[in-house]
Colleague: 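Dropping a structure here in structure tokens format, bear with me for questions.
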Amino acid sequence: MDEETLEQVRSIVASIPPGRVLSYGDIAEIAGIRSPRLVGRIMAEDSADLPWHRVLRSNGTIAEHLRSRQLELLRAEGVLADGARINMREYRWDG
DNA sequence: CCGCTGACTGCGG
DNA sequence: ACCGCAGCCAGCG
């Protein structure tokens, strides 16, 4: 695992403002890496100190083992779900 | 080296 | 809306 990309990904996630979200693919693109899965892996390893709940799938859905917790955290900062789906066009962070 | 797995994605049927 | 599939990177057996 490349230490630099790891730090890069982490800093991008850390910079997402409250009430906004990014997809794994968005972060991969910004970080200049080819695989969104790598972003997911990095998040899975250790994201406790990051606003990890602001990262979700490109279509606005969330992996099921995180779904209820994540939707709750998002709701607390004004990101409302239409059922199990977040409207990305509305909440995606432009930077 | 091979195959499988996952906080993923876009395209096609 | 629901599949499946190819591409993707890294770790594990």
Side-chain angles (χ1 to χ4, degrees):
Chain A
M1 164 74 58
D2 186 306
E3 186 66 29
E4 184 184 329
T5 44
L6 186 135
E7 277 314 308
Q8 207 175 171
V9 166
R10 294 179 58 81
S11 78
I12 293 166
V13 174
S15 71
I16 307 172
R20 309 261 91 195
V21 300
L22 284 182
S23 73
Y24 298 92
D26 291 336
I27 295 170
E29 187 177 9
I30 295 169
I33 58 182
R34 281 219 239 32
S35 171
R37 306 195 78 136
L38 183 52
V39 177
R41 164 178 285 282
I42 291 171
M43 298 297 284
E45 284 178 6
D46 176 32
S47 58
D49 54 335
L50 296 173
W52 59 270
H53 58 284
R54 301 184 187 137
V55 184
L56 66 174
R57 294 187 181 134
S58 62
N59 63 5
T61 63
I62 296 173
E64 98 172 42
H65 64 289
L66 298 169
R67 192 172 43 214
S68 63
R69 176 69 179 143
Q70 186 160 359
L71 287 176
E72 162 179 43
L73 290 169
L74 286 172
R75 189 174 65 244
E77 46 189 63
V79 178
L80 307 178
D82 176 11
R85 175 183 299 271
I86 301 294
N87 184 330
M88 293 301 281
R89 296 215 278 191
E90 182 174 358
Y91 296 110
R92 181 181 241 129
W93 183 39
D94 297 337

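Since this is a predicted model, take the numbers as computed values, not measurements.
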Colleague: What is the distance, to the nearest angstrom, from the NE2 atom on A:His65 to the P atom on B:dA7?
Modeller: 5 Å
Colleague: Take the protein atom CZ of A:Arg41 and the nucleotide atom C1' of B:dC8, then report the distance between them rounded to whole Å.
Modeller: 13 Å
Colleague: Can you tell me the distance, in whole Å, between the CE atom of A:Met88 and the C1' atom of B:dC8?
Modeller: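 Checked: the CE to C1' distance equals 12 Å.
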Colleague: Rounded to whole angstroms, how far apart are CD on A:Glu45 and P on B:dC8?
Modeller: 14 Å
Colleague: Using only heavy-atom distances, decide whether a donor-acceptor pair under 3.5 angstrom links the side-chain of A:Ser35 to the base of C:dA10.
Modeller: no
Colleague: Please report the interatomic distance CG(A:Asp2) to CD1(A:Ile33), rounded to the nearest 0.5 Å.
Modeller: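 One finds 9.5 Å between CG of A:Asp2 and CD1 of A:Ile33.
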Colleague: Return the nearest nucleotide to the side chain of A:Arg34; candidates are B:dT9, C:dC8, B:dA7.
Modeller: C:dC8
Colleague: What is the distance, to the nearest angstrom, from the CG atom on A:Leu22 to the P atom on B:dT9?
Modeller: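 From A:Leu22 CG to B:dT9 P: 11 Å.
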Colleague: For B:dA7 versus C:dC2, give the span between their C1' atoms, rounded off to a whole number of Å.
Modeller: 22 Å
Colleague: Atom CZ in A:Arg75, atom CD1 in A:Ile86: separation rounded to 0.5 Å?
Modeller: 10.0 Å
Colleague: Atom CD1 in A:Ile62, atom CG in A:Leu71: separation rounded to 0.5 Å?
Modeller: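 With rounding to 0.5 Å, CD1 (A:Ile62) is 4.0 Å from CG (A:Leu71).
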Colleague: What is the pairing partner of B:dC1, taking Watson-Crick or G-U wobble pairs with both distances under 3.5 Å in any strand?
Modeller: none
Colleague: Separation of A:Arg37 atom CZ from B:dG6 atom C1', in whole Å?
Modeller: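 Distance, rounded to whole Å: 5 Å.
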Colleague: Quick one: pull up CH2 in A:Trp93 and CD1 in A:Ile30 and give me the separation to the nearest 0.5 Å.
Modeller: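 Going from the CH2 atom of A:Trp93 to the CD1 atom of A:Ile30 covers 7.0 Å.
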Colleague: Nearest-Å distance, CG (A:Leu66) to C1' (B:dG6)?
Modeller: 12 Å
Colleague: Without decimals, in angstroms, what is the distance between A:Glu29 CD and B:dC8 C1'?
Modeller: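 Taking atom C1' of B:dC8 as the reference, CD of A:Glu29 is at 14 Å.
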Colleague: In the structure I gave you, are the side-chain heavy atoms of A:Val13 and A:Arg54 within less than 4.5 Å of one another anywhere?
Modeller: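 No, side chains not in contact.
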Colleague: Given B:dT9, B:dA7, C:dC9, identify the nucleotide with an atom nearest to the side chain of A:Pro36.
Modeller: B:dT9
Colleague: Answer with base, sugar-phosphate or nothing: what part of the nucleic acid does A:Ser47 contact at a heavy-atom distance below 4.0 Å?
Modeller: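 The residue A:Ser47 makes base contact.
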Colleague: Identify the nucleotide, in any strand shown, that forms a Watson-Crick or G-U wobble pair with C:dC8, with both distances under 3.5 Å; if there is none, say none.
Modeller: none
